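Structure, as structure tokens:
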Amino acid sequence: MPTPTPASLAWFRAARFGLFVHFGLYSLAARHEWVRSREAMSQEAYDRYLEHFDPDLFDARKLARAAREAGMRYAVLTAKHHDGFCLFDSSLTDYTSARATGRDLVAEFADAMRAEGLRVGLYYSLLDWHHPDFPVDRHHPLRGTPAEQEPRDLAEYRRYLHDQVSELLTGYGQIDLLFFDFSYPGMGPAEWGAEELLSTVRELQPGIVVNDRLGIPGDYVTPEQYQPDEPLERDGVPVMWEACHTLNGSWGYDRDNHDYKDPGLLVRMLVQSVACGGNMLLNVGPTGRGALDPRARETLRQLGEWSGAHARSVHGAGPSAYQPPSQGLYTQAGNRLYLHLPTWPLKHVHLPGLAGRVRYAQFLHDGSEVRFSRLDGAQHEHNNLAPPGRSGDTLTLTVPIARPDVLLPVIELALDGEG
Ligand code: GLC
């Protein structure tokens with residue numbers, strides 16, 4: 001099994017926050033990226049989106065700027081989703097944005113991300129409901145139709161898959177990350193030729209970071225739409241991970257779905273990822289014309305406002321060995337310990353194990369000093385009422401009554417005598 005060089009994972013680990021972009025023909029249907037399968041649509045019916053595909057508002061530079069300003073350090077675009085439609089100029093099929101509109105959106109995306117200093121990632125669907133040799137299985141839109149009986153040559157599809165991945169990894173400069181999607185019973189490593197494919201990937205782009213959805217271990221694991229609250233392990237060994245999340249439960253643009261996560265929740269999810277040694281990949285689904293809808297734009301803007309002041313509690317930071325207080329989360333970068341406070345305490349925060357270890361404390365949003373006492377928390381309360389176990393090594397911070405007006409308040413603690 002090829003193991004990643006630590007250097008190739010280093011940028012990924014430090015980056016912590018990325019943008020996922022789901023865009024394709026399904027964006028025109030505007031009712032989830034699985035629309036063709038969910039509605040068991042024939043290819044002919046689905047072709048109406050191809051006919052009307054006009055991404056005139058897809059502006060990769062705008063997208064890159066929005067991502068950078070939101071505090072993201074990498075971005076991942078759906079080069080091909082399950083419907084098989086390619087956002088790049090593939091020589092192996094006509095089913096591409098290049099044929100439809102003359103535009104290679106992967107090229108535009110890669111150039112724009114690099115220009116903003118973001119790492120470039122591509123998503124590639126292992127499923128392909130357009131390819132004549134992809135099996136008509138239970139996810140396929142043609143399930144239950146005579147197409148199930150047609151002969152399909154999986155080896156042909158496998159060749160197409162390998163060759164398309166090679167196109168993506170040779171035609172677009174340095175690709176930093178590849179997100180394969182996905183394996184399921186019946187379609188897994190053997191069907192994809194996963195081992196061979198992964199070694200080709202590493203040969204073509206030696207520094208690349210690859211996910212785990214080929215069904216064999218990659219460089220990181222991909223919890224989807226749930227939030228791990230502790231470090232993750234594979235076979236008892238800690239493993240790098242990235243939680244991918246939607247804004248409203250759908251990856252592709254979903255016009256009538258208003259089940260949005262609020263920006264405060266998203267920041268907490270990001271910080272919880274970092275506190276548990278992982279990354280967060282946050283998705284946007286541009287509209288049928290390729291633009292971010294106002295809600296997505298506003299969410300990114302608010303995340304950016306928070307990130308602007310709090311970036312160092314996230315980027316380059318990771319889990320801490322210190323035990324956070326019950327109402328807080330810790331991240332740590334060298335001798336800086338970051339206390340994130342999702343619920344606002346009354347006047348005092350008690351930090352076990354930190355008495356005598358903190359040189360200075362300040363809010364990150366405004367650099368204002370937070371005063372503390374090395375005397376334990378029992379001192380300001382009636383001694384008899386002090387919770388048991390709050391011992392002399394507890395440090396007590398004094399915070400204002402009014403919660404700072406930021407999505408998630410953070411106190412930076414400068415630790416004594418740590419690297
Ligand atoms: C799932 C879905 C897919 C989405 C992906 C993102 O595998 O099938 O539509 O692109 O998750 O991680």
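All ligand and atom numbering here is 1-based and tracks the order in the structure. Model, not experiment: these values are computed from the prediction. Values below: every heavy atom of this structure, side chains too, minus hydrogens, waters and symmetry copies. Starting from 1, each residue takes its place in the sequence as its number.
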* Asked: Does R99 pair with D94 as a salt bridge, N-O distance under 4.0 Å?
  -> yes

* Stepwise, does the side chain to side chain contact (heavy atoms under 4.5 Å, CB included) test hold for M72 with E69? -> CA-CA 7 Å; M72 292 153 164; E69 288 173 1; over 6 Å; no

* Set of residues satisfying side chain to side chain donor-acceptor pair (under 3.5 Å) with respect to K347, sequence neighbours excluded -> none

* To do: Could you please provide the protein residues found below 4.0 Å of ligand 1 on a heavy-atom basis, arranged by chain and number?
  => F20, H22, E33, W34, H81, H82, Y123, F179, D181, F182, R213, E224, C244, W251

* Could you tell me the separation between the CG atom of L415 and the CG atom of L354, rounded to the nearest 0.5 Å? => 6.5 Å

* What class does the angle between the rings of W306 and H310 fall in, given that below 30° is parallel, 30 to 60° is tilted and above 60° is perpendicular? -> parallel

* Asked: Is any side-chain N of the basic residue among R48 and E51 closer than 4.0 Å to the acidic one's carboxylate O?
  -> no

